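All of these numbers come straight from a predicted model, not from anything done at the bench. In what follows, chains are A, B, ... by sequence order, proteins preceding strands, each numbered from 1.
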2 protein chains.
Amino acid sequence: MIMLSHPAKTGIVTLDTRPVPRQTGVNMKYSNAFIPTLREVPADAVIASHRLMFRAGMIRKLANGLFAYLPLGLRSFRKVERIVREEMDAIGALEIKPTVVLPGEIWKESGRWDSMGDGMLRAKNRLDNDFVVSPTAEEAFTAIVRDELSSYRQLPLSLYQINTKFRDEIRPRYGVMRGREFVMKDAYSWHPDEQSLDETYQAMGRAYRRIFKRCGLSVIPVKADSGAMGGSGSEEFMVESEIGDNTLILCKGCDYAANVEKAGCAPDFAGGESAGQGSLADVPPYEKIDTPNVKTIEELCGFVKNTDGSAMNPAQFIKTLIYRAINVELDLSNAPGCKNLEQKKIGQDAASSKGGAVYPEAFFAVAIRGDLDLNETKLAALVKASEVGLASDADVVRLTGAPVGFAGPVGLDSLPVIADLTVTGMKDAVTGALAKDLHYRHVAYGRDFAPWMTGDLRIVKAGDACALCGGELFEKKGNELGHIFKLGYKYTSSMNVSYLDENGKSQTPTMGCYGIGVDRALASVIEEHHDEAGIVWPVSVAPYHVVIVPIKYDGAVKDAADRLYGELEKAGIEVLLDDRNERPGVKFNDADLVGIPWRVLVGDKGLAQSPPAVEIKRRSEKENRMVELEAAAGELAQKIREELALLKG
Amino acid sequence: MIMLSHPAKTGIVTLDTRPVPRQTGVNMKYSNAFIPTLREVPADAVIASHRLMFRAGMIRKLANGLFAYLPLGLRSFRKVERIVREEMDAIGALEIKPTVVLPGEIWKESGRWDSMGDGMLRAKNRLDNDFVVSPTAEEAFTAIVRDELSSYRQLPLSLYQINTKFRDEIRPRYGVMRGREFVMKDAYSWHPDEQSLDETYQAMGRAYRRIFKRCGLSVIPVKADSGAMGGSGSEEFMVESEIGDNTLILCKGCDYAANVEKAGCAPDFAGGESAGQGSLADVPPYEKIDTPNVKTIEELCGFVKNTDGSAMNPAQFIKTLIYRAINVELDLSNAPGCKNLEQKKIGQDAASSKGGAVYPEAFFAVAIRGDLDLNETKLAALVKASEVGLASDADVVRLTGAPVGFAGPVGLDSLPVIADLTVTGMKDAVTGALAKDLHYRHVAYGRDFAPWMTGDLRIVKAGDACALCGGELFEKKGNELGHIFKLGYKYTSSMNVSYLDENGKSQTPTMGCYGIGVDRALASVIEEHHDEAGIVWPVSVAPYHVVIVPIKYDGAVKDAADRLYGELEKAGIEVLLDDRNERPGVKFNDADLVGIPWRVLVGDKGLAQSPPAVEIKRRSEKENRMVELEAAAGELAQKIREELALLKG
């Protein structure tokens with residue numbers, strides 16, 4: 001038989017509030033830290049930041065695309081976070097904290113429950129309620145503001161959060177550079193008018209530049225397409241990266257920079273006989289030519305000859321593509337073939353002018369020079385469509401009267417024709433004749449056809465000429481660290497946000513949104529600041545400012561190291577003291593790998609000097625120098641403050 | 001035809017890093033703030049903290065159980081968070097940041113994928129991977145440590161996070177006091193032995209006391225059952241609350257405090273003739289009595305009479321309940337009726353002694369005095385079961401040979417009999433006779449039956465006697481703010497964590513875990529510190545220390561208010577300046593509602609005094625007094641620092 005002691009006794013407690021022996025939360029002895037540095041690199045770590053964050057014991061992988069920050073990584077992470085917070089506060093944005101798990105209802109209101117796709121992690125609880133693990137928070141912020149906004153006096157209003165996001169990347173990789181879960185600073189602003197929105201947008205742009213500068217990041221600000229977010233007026237902040245998922249178009253001659261999705265170039269009327277030189281009077285009337293089974297530009301080049309018998313080149317052809325566009329906002333009431341096109345009201349505020357109507361489906365013929373590719377993002381922006389894509393073969397036959405490969409702008413009046421700007425200079429071109437196995441030659445823009453609309457629709461490539469300075473454009477791969485854009489009325493309209501203006505009239509505010517990926521910014525700092533030995537932190541985001549390395553943590557060396565540690569701590573400097581019982585080489589390697597900006601070596605030799613000295617070395621420099629022990633803390637503190645001030649600008 | 005301006009121009013950007021006009025991130029003018037105070041209270045806000053957080057513009061509801069913190073609420077929230085962080089850092093715990101969305105795999109490893117139930121929010125992504133929105137993080141931390149731990153030299157190790165959690169409360173209510181999403185500080189520690197675990201456990205206990213004290217919270221630390229978390233040795237930190245979901249047993253005579261689930265009391269042999277007084281020799285031999293269709297204690301009291309003809313009372317009966325227990329770890333090899341009971345290995349480390357075996361199912365007869373109720377939590381702890389519940393009617397018939405209502409300990413040898421301590425004092429009791437419609441009377445413990453095991457199994461109630469001082473126990477409702485406990489080997493064993501000890505032998509570490517609900521702590525501060533007018537913040541967690549209320553923000557009053565604002569800012573004091581064009585009454589009401597500890601009224605009258613003066617009022621006091629404008633900032637700063645120091649202890 002088991003007899004238990006009376007369990008009531010386990011309930012005895014007394015409120016003991018004696019101060020506990022305190023370590024400091026800022027500074028740290030290595031033996032109390034948790035910095036599991038490694039020599040090996042995981043096989044999937046192909047970029048420097050992923051390799052180094054892993055090796056320096058900053059992160060560990062929990063699952064594909066899910067990373068835990070260990071203490072050292074979290075320290076740097078929090079510093080980036082703090083810089084972002086300070087700069088947001090400085091321009092009057094107010095921090096709030098919505099939930100990470102958001103109710104599905106608000107996503108249904110905005111329409112993104114359906115449009116966000118599989119990247120959004122959804123969950124149902126036991127009551128069958130729909131939830132979303134926040135991939136972004138336009139809806140949540142708009143829902144909060146909707147209930148509080150009543151008067152124009154409350155505007156403009158800028159709110160932000162720095163909080164967890166989840167996007168189910170199909171192929172998460174590159175460590176925290178492209179993880180599934182990450183932390184984003186997302187800000188949203190509401191305004192009575194475009195001017196107010198623009199002021200905040202510009203202030204955000206300046207704050208972003210300061211944030212990246214303070215982190216030691218070289219960013220390339222580019223005008224960007226705003227993609228699925230809707231609205232217009234946007235700027236992306238890119239860092240160069242060989243694994244970047246954006247292609248940037250940059251100019252060798254000036255500071256022009258754009259995302260290829262939106263990049264323009266100088267008008268260019270190259271293309272031999274079809275080009276803009278010479279008089280239109282010299283061009284013969286256009287005529288039909290038989291082109292049996294010849295459909296592609298390449299086939300045509302071999303088949304149709306110039307008048308001098310030479311082979312034609314692709315720039316002499318007008319390529320005409322039939323596009324289907326979804327939710328077109330552009331007014332098509334006067335467009336060819338669109339008289340009976342149905343419109344649909346959009347937004348819950350559809351009655352107001354800001355809601356408006358769209359054509360759920362519309363078709364366009366897009367004419368572009370044969371040597372160029374069409375930029376679908378530009379096309380979608382031009383016709384104000386949510387999406388564009390090549391029409392089906394059946395639609396092509398129905399609209400052009402001919403199978404795919406024989407469309408052309410001449411005589412085409414069953415749908416609106418849109419011509420790329422390059423086409424406007426073409427005077428002697430070959431193009432499809434709207435009938436099987438037939439093309440026209442000697443076609444001249446303006447004389448033989450007039451498009452309903454023209455615009456810049458080409459994909460700009462390296463080698464094209466800069467529109468600003470004529471310089472040669474080149475390409476770079478870039479990663480997006482931040483994005484600011486003017487959303488307009490998309491959410492305020494669909495989610496019914498309103499306020500009373502000066503005249504007591506109900507109005508819908510316009511909106512902006514502004515994001516920065518904190519993890520990605522941190523990883524990008526490492527991409528930009530590292531060498532073969534490890535990370536080379538800018539002092540602003542270094543996990544510690546100084547590492548003290550005693551040759552042996554014992555006797556006079558220990559005393560001197562402890563003294564320095566205390567003095568630096570007092571000066572507000574963040575110090576790591578490597579008190580481990582390891583060889584100096586091991587400590588040096590770890591210090592270099594972990595990348596602390598300043599290293600102080602405390603050894604018997606230096607201390608034996610008169611006056612006693614320690615060796616100071618900057619991580620980014622090869623040279624070291626001896627400094628009096630007496631003066632070392634003061635000098636380091638001074639240097640670190642100067643560097644911080646320099647980054648802050 | 002629409003001609004677009006050449007879009008290339010939109011790509012022009014220059015890096016403008018001019019300092020922006022800076023507001024401060026700490027101090028704030030009311031007109032720049034977002035503090036939507038309200039008079040109305042939502043219908044579902046039944047407790048003070050919910051009502052006041054809503055009215056003071058601290059929180060807003062996004063959905064049932066999901067709350068957004070607005071700027072004012074977030075400021076106080078961050079202060080609680082910071083106090084927690086400082087005290088964790090002070091005892092050497094290291095902060096890390098795992099993901100909020102965790103891979104399902106590690107929950108399957110620990111076995112909690114199945115056992116956590118519907119409170120855990122699960123999600124599947126497009127690749128059909130299982131995810132969990134973290135309700136707690138034993139698995140995640142253990143998985144991280146498992147990969148890094150190699151040597152005893154790394155132990156003890158304490159890690160923590162302050163991060164988002166989600167638990168799908170069936171009935172979320174009381175605002176952030178019981179929301180679905182919340183922020184928890186959860187710490188976990190690993191140790192080579194019980195002594196090391198106990199040292200950290202004690203340090204955590206002291207840190208928790210300091211945390212709550214610094215927040216201005218009166219907590220009741222109670223020994224608690226560790227519930228589904230497994231392990232033993234735990235303490236809960238409770239605050240009194242009428243809507244608390246815990247019942248606490250407290251003593252009027254001493255500081256005994258326990259959760260009712262684990263509370264004990266003084267042995268108590270009350271119960272008239274059946275009680276411990278008198279000699280066993282005076283008790284007649286036990287005998288059968290017919291009790292046709294009499295099954296319940298109440299029915300028996302009316303039916304069976306004392307020898308003097310008086311009605312019996314419930315304390316004269318031995319109630320015998322048949323329990324089914326799941327996953328019993330207690331060794332039953334010598335227990336009656338258990339010879340052939342099947343055992344099952346548990347844990348992946350089942351080969352080691354720490355894994356061990358359980359009986360998937362076992363039955364017990366539990367005897368307790370008729371006037372008492374059985375505490376199932378105590379029973380589960382006594383037999384080391386994961387779960388206990390009343391056996392089915394069929395099992396009762398099979399095991400006792402009689403229908404429900406006629407079980408008794410006399411002659412019962414088909415299963416182990418466990419007697420509550422009160423039964424050990426019963427000498428002349430009535431109990432079931434293991435046959436339909438039959439009972440025994442004159443049953444004496446020890447003489448007529450001997451249980452296999454005894455233990456404290458009663459539910460302690462108000463009025464019972466304290467085991468420590470004999471004082472009267474009473475009940476309070478409480479809410480749990482924090483919980484520390486020794487987990488033991490549950491996770492380290494099931495998830496295969498090991499290290500090499502001093503002798504190079506592989507060992508499994510033991511583990512502790514320690515949680516604090518940040519949102520709930522914040523709400524509890526308001527529960528404890530408010531009056532009819534609003535919140536009365538302790539200075540340590542107040543969103544601002546001082547609110548300056550200019551009678552009218554104009555002329556000399558504005559100048560004086562601005563001057564004070566600047567001086568306080570310089571002194572590091574957090575100030576809100578109510579520069580709104582509102583009546584003083586409105587500003588006073590908002591200041592009281594929002595609960596800023598100190599209010600400074602700047603008015604013409606005071607400034608007209610010689611020397612000019614302002615009125616200072618503490619939120620917690622009725623009186624105000626005039627202070628020279630010159631000295632006001634200094635005095636306030638002094639008082640605030642003193643109060644902070646006092647809370648810090």
Side-chain angles (χ1 to χ4, degrees), chain A residues 1-2 4 6-8 10-11 13 15-17 20 22-23 25 32 34 36 60 62-63 66 68-71 74 86 89-92 94-101 103 118 121 123 125-126 133 144 148 164 166 168 181 203 206 209-210 213 221 223 256-258 264 453 455-456 467 649, chain B residues 1-2 4 6-8 10-11 13 15-17 20 22-23 25 32 34 36 60 62-63 66 68-71 74 86 89-92 94-101 103 118 121 123 125-126 133 144 148 164 166 168 181 206-207 209-210 213 221 223 256-258 264 453 455-456 467 649:
Chain A
M1 188 190 298
I2 300 164
L4 292 191
H6 199 286
T10 62
V13 286
L15 234 147
D16 174 359
T17 52
V20 290
R22 320 202 87 196
Q23 286 190 25
N32 295 328
F34 181 56
R60 286 297 180 264
L62 277 169
L66 297 180
Y69 283 86
L70 300 190
L74 187 57
E86 284 177 2
D89 290 345
I91 58 167
L94 300 166
E95 188 174 3
I96 69 171
K97 187 176 88 67
T99 49
V100 173
V101 175
D118 291 340
L121 192 68
N125 74 347
R126 63 175 109 196
V133 183
I144 290 166
E148 305 308 326
T164 301
F166 192 97
D168 190 45
E181 183 176 312
R206 289 190 297 272
R209 285 162 170 80
R210 286 178 55 81
K213 180 168 180 292
K223 298 294 175 185
Y256 176 78
M453 189 181 198
D456 173 60
Chain B
M1 188 188 298
I2 300 166
L4 292 191
H6 200 286
T10 63
V13 285
L15 234 147
D16 173 359
T17 53
V20 289
R22 320 201 88 196
Q23 287 189 25
N32 294 328
F34 181 55
R60 285 297 180 262
L62 277 168
L66 297 180
Y69 282 86
L70 300 190
L74 188 56
E86 284 177 3
D89 291 347
I91 59 167
L94 300 166
E95 188 174 1
I96 69 170
K97 188 177 87 70
T99 49
V100 173
V101 175
D118 291 340
L121 192 69
N125 73 347
R126 62 176 110 197
V133 182
I144 290 166
E148 306 308 326
T164 301
F166 192 96
D168 190 45
E181 182 176 313
R206 288 190 296 272
R209 286 163 171 79
R210 286 179 54 80
K213 181 167 181 291
K223 299 294 176 187
Y256 175 77
M453 187 182 201
D456 173 60

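- Interface residue Arg60(A): only side-chain heavy atoms are found under 4.5 Å from chain B.
- With a 4.5 angstrom heavy-atom cutoff, Phe166(A) touches chain B only via side-chain atoms.
- Interface residue Leu62(B): backbone and side-chain heavy atoms are both found under 4.5 Å from chain A.
- The contact between Val100(A) and chain B is made by backbone and side chain atoms together, counting heavy-atom distances below 4.5 Å.
- When heavy atoms are compared at a cutoff of 4.5 Å, Leu70(A) approaches chain B by way of both its backbone and its side chain.
- The parts of Glu95(A) that come within reach of chain B are both its backbone and its side chain, each placing non-hydrogen atoms under 4.5 angstrom from that chain.
- When all heavy atoms of Pro98(B) and Ala68(A) are compared, the pair lying nearest together is CA-CB, 3.7 Å.
- Nearest heavy-atom pair, Phe34(B) versus Leu94(A), reported as atom, atom and distance to 0.1 Å: CB-CD1, 3.5 Å.
- When each of Ile144(A), Thr99(A), Leu74(A) is checked for heavy-atom pairs under 4.5 Å with chain B, Thr99(A) comes out on top.
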